[in-house]
Undergrad: 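Please see the structure below; I have some questions.
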There are 2 protein chains.
Amino acid sequence: MTALVPDLEKMRDCTSCPIRHKAVCAKCEPDELQRLEEIKYYRTFAPGQTIIWAGDRMEFVASVVSGVAALTQTLEDGRRQMVGLLLPSDFVGRPGREVAKFDVTAIAETTLCCFRRKPFEKMLEETPNVSQRLLEMALDELDAAREWMLLLGRKTAREKIASLISIIARRATINERVYSEAVSVDLPLTREAMSDYLGLTLETVSRQISALKKDGVIGLKGNRHVVIPDMRLLLAETGDDDDGGALL
Amino acid sequence: MTALVPDLEKMRDCTSCPIRHKAVCAKCEPDELQRLEEIKYYRTFAPGQTIIWAGDRMEFVASVVSGVAALTQTLEDGRRQMVGLLLPSDFVGRPGREVAKFDVTAIAETTLCCFRRKPFEKMLEETPNVSQRLLEMALDELDAAREWMLLLGRKTAREKIASLISIIARRATINERVYSEAVSVDLPLTREAMSDYLGLTLETVSRQISALKKDGVIGLKGNRHVVIPDMRLLLAETGDDDDGGALL
DNA sequence: TTGTTGTTTTGATCCGCATCAAAGCGGCGC
DNA sequence: GCGCCGCTTTGATGCGGATCAAAACAACAA
């Protein structure tokens, strides 16, 4: 999952770029940046607002500037599964796709930097830099999706919650890397969004969070703020092999 | 899921290419093909044999020539989840990755066309054609992974089985497109492999296949061969929205 | 303050699937 | 033929998480 948020630090450093995201511009040449500049515009969405409906014609691709959004799919009877979590620097949309395949919804207030799709695709064909960067990002997302599949298919409710919290904690503490010391993290998701992410009901999410709290694995400060006294305790609850961190 | 097998017909047509796979060579120039030719070699694996262990150093990337292989992940206590199903023309390995992140295992006898990793990566940097094709493939796989996540997170055992059979049937009948007429398909997977794919136990897989048979949704000819009297009946069991096919 | 609305927690019950166990059923070598 | 082995089916039982229901809580407007 870490892959969904590449390197926030470097992203911020990319000030010469009109888009301001490592997502797209990391290796861009000045003239390429100029062309991106010409086809970009910003849009902001309120929490709960749908950004794109599955089946919509795609007018743009975009890069998340701030906020949190989710890719979701639903079955005919309304059962819903989140299939992508979009955070700042993540890419939205697929070059070459006319019609959206998934719903995209803002979870918190979210700002996108959009690029008109047609000219963006035209540019892609001419600038290997950008398509190579997109390949890298797609492969990172694929890795994340596969970890997520293991979680959905084989983990218990308790392991799922522990995994989600450790994922969020890990990216909140990128560049810090101080294990074995208390960490406190904001959960950017409601209980319902967590249940959509984890393939559970929101009641089960609530119960398991309470259980982890009772067992001293996590502490709660309000509903949306978690304190982790010892990251190793939490990681021991995820069910993952211990060397998982080493492989990232 | 169809994305995992691009266009087998075209793949076969690609006879001028030394690799013989649309996977890599579709748009290659003659000199690029020559370079690929120089770094390729073939390897064949027996059913059940592990091709790559997670944690291994990657010596090659490869394209599946024939057979079936699986990407799998395991939790510390041995619970196992398939996270990728590799069929002819699919790509194995990730450019830029030193160390494998998933186990790769041959399910049936499988032949790979391997490319030494370092020179392949070097070539990638110089040939936009190839990296653009890889981007396309990665995005297809990402779509497939997301459908798979919906299956793992929200579908019932019966829906999972119906989905898997319809996925296999659909790609077996690519280019035919004769709905509402009996189709018969070979299952290239053991019950155990199906359970790894679906996040179930093999007993549940067996029971649900029997149930679908009893209800007349499918017929069985031996253990590994399925007859589908009416594809629409099967699709009605998958839980998916009806327009799923249209979006592909 | 009080009512309203949305989120979260907690409780009681039920069911789908896992688990444990054993019995069919090929295929293959002897 | 025989026995052996791997795969598959079938059966009995138990548990984890879904479901249904209601209470607790926080944010906010009147």
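Computed from a predicted model, the values in this text were never measured in an experiment. Side-chain atoms are counted along with the backbone in the values below, which use heavy atoms only and exclude waters and symmetry mates.
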Undergrad: Check Asp103(B) with Arg80(B), please: is the shortest side-chain N to carboxylate O separation under 4.0 Å?
TA: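 Result for this pair is no, no salt bridge flagged.
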Undergrad: In whole angstroms, how far is the P atom of dT7(C) from the CD1 atom of Ile107(A)?
TA: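 Rounding to the nearest Å, CD1 of Ile107(A) and P of dT7(C) are 12 Å apart.
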Undergrad: Across the strands shown, which category fits Thr190(B) at heavy-atom distances under 4.0 angstrom: base, sugar-phosphate, nothing?
TA: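 Sugar-phosphate contact only - Thr190(B) comes under 4.0 Å of backbone atoms but never of a base.
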Undergrad: Side-chain contact, heavy-atom cut-off 4.5 Å: Lys160(B) with Thr204(B)?
TA: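 Lys160(B) vs Thr204(B): side chains apart.
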Undergrad: Atom CG of Leu220(B) and atom P of dC7(D): how far apart are they, to the nearest Å?
TA: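 These atoms are roughly 18 Å apart.
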Undergrad: Could you tell me how far apart Leu187(A) (CG) and dT7(C) (C1') are, to the nearest whole angstrom?
TA: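 Value for this atom pair: 14 Å.
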Undergrad: CE of Met194(B) versus P of dC7(D): gap in Å, rounded?
TA: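 The answer, rounded to whole Å, is 13 Å.
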Undergrad: Would you mind reading off the distance between Arg224(B) atom CZ and dG6(D) atom P, rounded to a whole angstrom?
TA: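 Taking CZ of Arg224(B) and P of dG6(D), I get 15 Å after rounding.
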Undergrad: In the 5'-to-3' direction, what one-character label does each nucleotide of nucleotides 11-27 of chain D receive under the scheme B = base within less than 4.0 Å of a protein heavy atom, S = sugar-phosphate only, - = no such atom?
TA: BB----SSBB-------
Undergrad: Whole Å only: how far is the CZ atom of Arg191(B) from the C1' atom of dG24(C)?
TA: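 That distance rounds to 14 Å.
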Undergrad: Just how far, in rounded Å, is C1' of dT19(C) from CZ of Arg79(B)?
TA: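 That distance rounds to 14 Å.
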Undergrad: Would you please name every residue forming a side-chain contact (heavy atoms from CB on, under 4.5 Å) with Asp186(B), sequence neighbours left out?
TA: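 His225(B).
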Undergrad: Assess, by modelled atom type and distance only, whether the side chains of Ser195(A) and Thr201(A) contain a donor and an acceptor separated by less than 3.5 Å.
TA: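 No.
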Undergrad: Find the distance Glu192(B):CD to dC5(D):P and express it as a whole number of Å.
TA: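 To the nearest whole Å, that distance equals 18 Å.
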Undergrad: With a 4.0 Å limit, can you tell me whether Ser210(B) has a side-chain N or O closer than that to the phosphate oxygens OP1/OP2 of dT10(D)?
TA: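 Indeed, a polar side-chain atom of Ser210(B) lies that close.
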